[in-house]
Amino acid sequence: MHKLEKPTMTESDAFPAPTSSPEKEVQDYGHTCSETILCRDPLEDLEAYPPAEPIIAEETKLLLSNLLDISPVLTEVASAIIDDSFTRCFKSNPPERWNWNLYLFPLWCLGVVVRYGILFPVRVLLLTAGWVVFLTCFFPVHYCMQDHKLRRKLERDLVVFLFGSFVASWTAVIKYHGPRPSPRQKQVFVANHTSMIDFYILEQSTAFACIMQKYPGWVGWLQTYALPSVGCISFNRTEAKDRHYVAKRLREHVEDPESNPLLIFPEGTCVNNEYVVMFKKGAFELGCTVCPIAIKYNKIFVDAFWNSRKQSITQHLIRLMTSWAVVCDVWYMEPQNILPGETSIEFAERVRKLIADRVGIKMVPWDGYLKYQRPSPKLKEKKQQELANAVFNKLEGKL
């Protein structure tokens, strides 16, 4: 019987050498295949490999560099879209809704009935009575009274009475701070402007002579026949000859010791009482003392801002008369004089800052007259050319 020999197996027979490329990769790290399989965690070998850099890294850097080259232009465009501070000056923010639930809606309905069914008719009667008294007394005094000094005093009192009737028709709650104005030579009052009712609120307290834009309708009638008796000057801002006439009248008015205090709204337009636009320098070139007046409305009951593009003055007044009340504060501030070496523009900016700080509104570097004008084609072409040049210069550098 032949003895069967147990075949011997060499290490190479037990672990035949692989012919694929992974052996080389494993041996390159100084390990045999058996050691790798039996002794090491495969994840450790993966960690030993250096991380491969993304192929798109360089492309990403180039894109970022290209973006940064035109970032000033993009920043200007984005800021114009996101934070248009000019448009915000003339935007009326609607109040937050509070009545759309089961227990507050009936109270809101009751408030509508009271405001429109009770308060509004009473206010209309009150304002009508004020007009009747004014018209009944004003024309006999204006055309029949011979004593000029007495006639002027009575006309002034009647104008104050009429605007007091307007203020009463809104159930206005007005708190005045500081000493009331008194007629003085070489003195002008300037105030921030939210609505035409700014003039009504100030006029019912003191007979101001105001510089104002001409309006049609019953306001134009008042400007033509009643308001000149207190020295008010109306003009059309689009007429150059009117502007020259107003400048001449202003200088004559501030030199007259018997004239009523002069009131100017140097913004030239109504702003929403959250911002204050640039002041026109005309009021600050008269060489006289400037007395700032700051007006701040409380929007708890109604927003007093008048958007003349969307509402007539009559619609605006009706909206005020159907609200609960108009609440505002008026500050008569310290008189200011131009400083040595200070220009009229710097003087106007200093007074504007005093008013803005007093009522807590934001100063913006905009001309309010832009509200009435579209951007010129030259301005649009200039911005388009700046963007085109920025992009073209970058593309030209890559070619």
Side-chain angles (χ1 to χ4, degrees), residues 89 160 163-164 167 172-212 230-233 250 253-254 257 259-299 304-306 326-366 368:
C89 296
V160 170
F163 287 106
V167 173
V173 180
I174 306 168
K175 188 175 182 180
Y176 296 94
H177 310 264
R180 301 295 176 88
S182 58
R184 291 181 183 177
Q185 192 175 6
K186 298 184 73 65
Q187 181 177 259
V188 60
F189 292 81
V190 297
N192 59 308
H193 199 22
T194 304
S195 167
M196 188 182 288
I197 70 169
D198 299 337
F199 172 66
Y200 296 9
I201 289 172
L202 297 176
E203 194 73 11
Q204 66 98 27
S205 173
T206 303
F208 282 104
C210 186
I211 310 301
M212 58 182 67
V230 292
C232 290
I233 305 170
L250 284 177
H253 189 97
V254 297
S259 60
N260 292 324
L262 179 63
L263 174 65
I264 299 177
F265 297 103
E267 289 175 286
T269 187
C270 296
V271 187
N272 63 6
N273 210 225
E274 296 177 6
Y275 299 87
V276 54
V277 298
M278 294 172 60
F279 281 3
K280 303 296 181 183
K281 63 179 182 177
F284 304 89
E285 294 179 324
L286 300 175
C288 56
T289 301
V290 175
C291 302
I293 301 176
I295 305 173
K296 181 64 176 178
Y297 292 93
N298 190 327
K299 299 182 181 181
F305 170 58
W306 177 39
V326 174
V327 181
C328 82
D329 288 89
V330 178
W331 285 270
Y332 295 106
M333 303 173 67
E334 290 288 333
Q336 303 293 320
N337 290 288
I338 192 167
L339 301 176
E342 189 177 39
T343 65
S344 57
I345 296 178
E346 293 170 341
F347 186 24
E349 285 298 291
R350 180 161 60 87
V351 172
R352 182 166 77 115
K353 188 176 187 308
L354 289 173
I355 293 176
D357 292 344
R358 173 67 272 182
V359 297
I361 56 182
K362 185 178 179 181
M363 295 174 60
V364 291
W366 294 109

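Computed from heavy atoms alone, side chains included, the values below leave out hydrogens, waters and symmetry copies.
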task = Using the side-chain contact (heavy atoms from CB on, under 4.5 Å) rule, pick out the option among Val351, Ile345, Thr343 that qualifies with Phe347.
result =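 Of Val351, Ile345, Thr343, side-chain contact (heavy atoms from CB on, under 4.5 Å) with Phe347 is met by Val351 alone.
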[X] [atom1] to [Y] [atom2] distance, which is reported to the nearest 0.5 Å:
X: Ile295; Y: Ile201; atom1: CD1; atom2: CD1; value: 6.5 Å
X: Glu334; Y: Arg358; atom1: CD; atom2: CZ; value: 11.5 Å
X: Asn298; Y: Asp329; atom1: CG; atom2: CG; value: 8.0 Å
X: Cys210; Y: Ile233; atom1: SG; atom2: CD1; value: 9.5 Å
X: Cys291; Y: Tyr332; atom1: SG; atom2: OH; value: 11.0 Å
X: Thr194; Y: Trp306; atom1: OG1; atom2: CH2; value: 12.5 Å

Salt bridge present between Glu274 and Lys296 (N-O < 4.0 angstrom) = no
request  = Could you tell me whether Glu267 and Arg352 have a side-chain N and a carboxylate O separated by less than 4.0 Å?
outcome  = no
query = According to the interplanar angle, ranging from 0 to 90°, do the rings of Phe279 and Phe284 count as parallel (below 30°), tilted (30 to 60°) or perpendicular (above 60°)?
reply = parallel
Could you check whether any side-chain heavy atom of [X] comes within less than 4.5 Å of a side-chain heavy atom of [Y], counting everything from C-beta outward?
X: Asn192; Y: Asn273; answer: yes
X: Leu339; Y: Arg350; answer: yes
X: Gln187; Y: Cys288; answer: no
X: Gln336; Y: Thr289; answer: no
X: Phe189; Y: Leu263; answer: yes
X: Val326; Y: Val173; answer: no

Ring pair (Phe, Tyr, Trp, His ring centres under 6.0 Å) evaluation trace for Phe265 with Phe199 = CA-CA 9 Å; Phe265 297 103; Phe199 172 66; 7.4 Å; no
ask   = Has Lys299 got more than 12 heavy atoms of other residues, nucleotides or ligands less than 6.0 Å from its NZ?
value =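 It does: Lys299 NZ has more than 12 such atoms within range.
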ask   = If only atom types and distance count, is the side chain of Asp357 paired as donor or acceptor with the main-chain N or O of Leu354 below 3.5 Å?
value = no
